[in-house]
Amino acid sequence: MEVDYRRAVARVLEAVAPCVGAGKVADYIPELATVDPRQFGFAVATTDGQVHCAGDADTRFSMQSISKVFTLALVLYRDGETIWRRVGREPSGSPFNSLIQLELERGIPRNPYINPGAIVVTDQLLADGGDGFATLHRLLRTETGNPDLDVDDVVAASEAGAGHRNRALAHLMAGFGNMVNPVDDALEHYFRQCSVAITCRELAHAGLLLARHGIRADGTRLLARSDVRHLIALMMTCGTYDAAGEFAYRVGLPCKSGVGGGILAIVPDHCAVAAWGPGLDDHGNSVSATAALAAFADITGHSVF
Ligand code: GLN
């Protein structure tokens, strides 16, 4: 399928205009509440080397839960399948920071893309490598092509200060014997990974790792093809929390969202797409980025369905 991406990106920008500024910025992390909601960025990076951007594609935003895809990638690379003893692979149908399901299911999170699942993955990365965040940081710097990519320390401190639910989730898991490191250590790495400040252009570049089935920007293989298939299958079923069904219906592509308002979508063999708008819906997914990805799927015909 030959797609004119330049034209598609321009049409997405037109289609999304009525939604820009819609939704509510995340305020449970106080620093995120200070972001201007009337911004919108969009970037497509293709496996054949094209990059097309629109709007605020070079403005930094908080990566938040999108980082969970990359920590899982690193854990699969290092440990293979053993992580699945500690976390499941089913959609949760519950909010990403819910405690109820975790108690009922004896400290085993439903999947690696809700908060407790991602905390377990970060805990494993920390146990494996001694410095979980540094490993992620290196990977993101090389795959985004930005050697200066960094954490927004103000957001990290804000998140740590307001991180009561994440602490509760991590302690609950520790109570069930599903934490390896001291809870505070694992959480420090988790808060830092969520607070990476990234642009749509950079995120689309990093997403190519998945669109190319595990091949890094320098042409070497990081992940087995089957690991990437698993990572993006989970994006489809769990990447947008309790709205994954709606995403499959509207967008039809594996997506991972974050409460900073970003969403990464993967079209295997073709491209990685990053959309960002800070206003969120009730599930914690960006209203404008969701609309943009739905328009992108309609315009390009890219969909797994
Ligand atoms: N850092 C956020 C949190 O722990 C990540 C949640 C998200 O992006 N959905 O709550």
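Remember, it's 1-based here, ligands and their atoms both numbered in the order they're listed.
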**Q** Side-chain heavy atoms under 4.5 angstrom apart, residues restricted to Ile, Leu, Val, Met, Phe, Trp, Tyr: same cluster for L264 and F40?
**A**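 Per the 4.5 Å side-chain linkage, L264 and F40 are not co-clustered.
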
**Q** Check this for me: does any side-chain nitrogen of one of D148 and R141 sit under 4.0 Å from a carboxylate oxygen of the other?
**A** no

**Q** Using a 3.5 Å cut-off and no angle test, enumerate the donor-acceptor pairs between side-chain atoms of residues 247-256 and protein atoms at least two apart in sequence or in another chain.
**A**
residue	atom	partner	partner atom	Å
K256	NZ	G239	O	2.8
K256	NZ	Y241	OH	3.0

**Q** State which residues pass side-chain contact (heavy atoms from CB on, under 4.5 Å) with D4; sequence neighbours excluded, sorted by chain then number.
**A** R6, R7

**Q** Write out the protein residues near ligand 1, meaning a non-hydrogen atom under 4.0 Å from one of its atoms, in order of chain and number.
**A**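 Y28, Q64, S65, F96, N115, E159, N166, Y190, C194, Y241, G258, V259.
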
**Q** With sequence neighbours excluded, give me every salt bridge (Lys or Arg N to Asp or Glu O under 4.0 Å) pair touching residues 52-71.
**A**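 Output for this query lists D58-R201, R60-E202.
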
**Q** With the threshold set at 4.0 Å, does a side-chain nitrogen-carboxylate oxygen contact exist between R86 and D123?
**A** yes

